[in-house]
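Please read the structure below before turning to the comments.
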Amino acid sequence: MTTRLETPEFALIRRYFSQLTHSRADVLLGIGDDAALTRAPAGCLLATSVDTLVCGVHFLETVSPESLGHKALAVNLSDLAAMGAEPAWVTLALTLPGIDDQWLEGFARGFSRLAQVHAVQLIGGDTTRGPLCLTVQVQGFLPNGVALRRDTARVGDDIYVTGTLGDAALGLYRLQQGLTDEPGTRELVMRLERPMPRVAAGLALRKLAHSAIDLSDGLAADLGHILDASGVGARVALPRLPCSAPVADAMRSRGDWSLAVSGGDDYELCFTAAVESRPALAALSRSLDLPIIRIGQVEAEPGLRWYDDAGQPWRPEHGGYDHFTEHDD
């Protein structure tokens, strides 16, 4: 009789990830086999998104493992929110320099808490040794014909954003500059390290929005994706951009709107909707206790045009974050 020994990799999976998340009835076979078996509801589309987070590129080495676990899932749920999809399943590929029990416990805790909030089940993945890197894939459902897309903005639509812009970018700047004692820094860093995906807003916008995107690379870049995909242009009133007090103060002192326009890592939703939807969107904002702010309008002329509080044109120095462009940080 022989005894099968459990490898360190499978011991890690069993200890930290096997029972990590919500258990769903539509998962027939989850972690522990060569592939997961799942069942999508009849009449629904399956939305799938994947993101990779690399240490030193997408997060600082000093971030807590609990915050990193949260963010690894949050940025993917934000993609589903932008499509109007209801989250269901997630897979996780985790590359680690070594097995650190304290780090793994913190990471699993942050990942699990957010997964429980949105009834998401971890159904599989992989672990390997190497420089710290996380790849998360999420899948969710939405009924046929209601998906929010980038290529369906219409001339005359209002342009909206949820929440506030620029907080994560200012939080990152203060961390990098060692300005952690500045007022409001803790809240700004929380927006950077633990963004809240706007899943409820995305589901409600199925019936109200014409197009949508989540704001990961900055408003200028991401709204630009909607305009390019839809073959339209837009004008945006800079004074209407929703900003927290620290961000507004920082932009005022710099005489520059770039934090809110190009900062990135907001993970809010940007969407377009018909003028007739204004009352319904105001009601949705109240019901969710979430700012949903109209910032501009879609136009037929291609291009994205910005106007300051004097009505003068303004041009950002940077269009937003690009992974294949050299960055100073």
Side-chain angles (χ1 to χ4, degrees), residues 150 153-174 177 179 182-184 187-188 191-192 209 211-275 277-278 281-282 285 290-322 325 327-329:
R150 301 180 182 184
R154 305 175 188 176
V155 173
D157 275 359
D158 290 327
I159 302 168
Y160 291 85
V161 292
T162 63
T164 56
L165 306 178
D167 295 314
L170 183 55
L172 176 60
Y173 174 80
R174 290 188 179 179
Q177 299 301 314
L179 302 174
E182 292 286 322
E187 291 76 14
L188 295 172
R191 287 294 309 275
L192 170 68
S211 64
I213 192 169
D214 82 316
L215 297 176
S216 56
D217 297 330
L219 176 63
D222 292 321
L223 175 55
H225 293 324
I226 287 181
L227 303 181
D228 290 344
S230 299
V232 294
R235 61 185 293 128
V236 173
L238 291 165
R240 294 192 63 86
L241 299 184
C243 299
S244 65
V247 170
D249 290 344
M251 293 194 303
R252 191 178 302 112
S253 66
R254 300 177 186 184
D256 182 18
W257 297 89
S258 295
L259 273 175
V261 169
S262 309
D265 256 4
D266 293 310
Y267 296 102
E268 296 292 349
L269 299 182
C270 175
F271 64 93
T272 74
V275 172
S277 295
R278 289 180 185 179
L281 288 167
S285 177
L290 173 68
I292 299 178
I293 305 300
R294 178 165 48 91
I295 63 169
Q297 191 168 51
V298 177
E299 299 178 330
E301 181 185 351
L304 179 49
R305 292 164 289 279
W306 308 88
Y307 294 90
D308 63 19
D309 47 8
Q312 297 300 309
W314 177 84
R315 184 183 297 273
E317 291 185 12
H318 306 287
Y321 187 84
D322 187 310
T325 299
H327 296 274
D328 295 331
D329 47 64

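- Asp222 is not listed as a side-chain neighbour of Cys270, based on a closest heavy-atom distance of 4.5 Å or more.
- Considering all non-hydrogen atoms of both residues, Gly156 and Val275 come closest at O-CG2, 3.7 Å.
- A distance of 11.5 Å separates CD of Glu187 from CG of Leu170, quoted to the nearest 0.5 Å.
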Item checked: Test log, rule side chain to side chain contact (heavy atoms under 4.5 Å, CB included), inputs Val261 and Trp314 -> CA-CA 11 Å; Val261 169; Trp314 177 84; 3.9 Å; yes

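- When all heavy atoms are compared, the tightest approach of Arg252 to Asp249 is NH1-OD1, 2.9 Å.
- Taken from CZ in Arg150 to CD1 in Ile213, the straight-line distance is 3.5 Å, to the nearest 0.5 Å.
- Atom CD1 of residue Ile295 and atom CH2 of residue Trp306 lie 6.5 Å apart, to the nearest 0.5 angstrom.
- Of all heavy-atom pairs spanning Gly264 and Ala168, the tightest one is O-CB, 4.0 Å.
- Rounding to the nearest 0.5 Å places OH of Tyr267 at 9.5 Å from CG of Leu192.
- Within a 6.0 Å sphere centred on CZ of Arg278, other residues, nucleotides and ligands contribute more than 12 heavy atoms.
- Evaluated for a side-chain hydrogen bond (donor to acceptor under 3.5 Å, both in side chains) with Arg191, the options Thr164, Asp266, Asp265 yield exactly one hit, Thr164.
- For the atom pair CD1 (Ile159) and CD (Glu299), the distance works out to 8.0 Å, reported to the nearest 0.5 Å.
- Side-chain contact between Val161 and Glu268 is absent, with no heavy-atom pair separated by less than 4.5 Å.
- The closest side-chain heavy-atom distance from Leu281 to Arg294 is not below 4.5 Å.
- Between Leu227 and Gly303, the closest heavy-atom pair is CD1-O, 4.1 Å.
- A heavy-atom distance below 4.5 Å is found between the side chains of Leu304 and Val236.
- No side-chain heavy atom of Thr272 sits under 4.5 Å from any side-chain heavy atom of Val232.
- Evaluation of the ring-ring contact (aromatic ring centres under 6.0 Å, His included) rule for Phe271 yields Tyr160 as partners, not counting sequence neighbours.
- To the nearest 0.5 Å, the span separating CG on Asp228 from CG on Leu223 amounts to 9.5 Å.
- For Arg315, the CZ atom counts as loosely surrounded, since its 6.0 Å shell holds 12 or fewer non-hydrogen atoms of other residues, nucleotides or ligands.
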Item checked: Ser244/Leu188 under side chain to side chain contact (heavy atoms under 4.5 Å, CB included): CA gap, chis, key distance, verdict -> CA-CA 9 Å; Ser244 65; Leu188 295 172; 4.2 Å; yes

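- Taking every heavy atom of both residues into account, Pro291 and Ser285 meet most closely at CA-OG, 3.9 Å.
- When all heavy atoms of Ser262 and Ala220 are compared, the pair lying nearest together is OG-CB, 4.4 Å.
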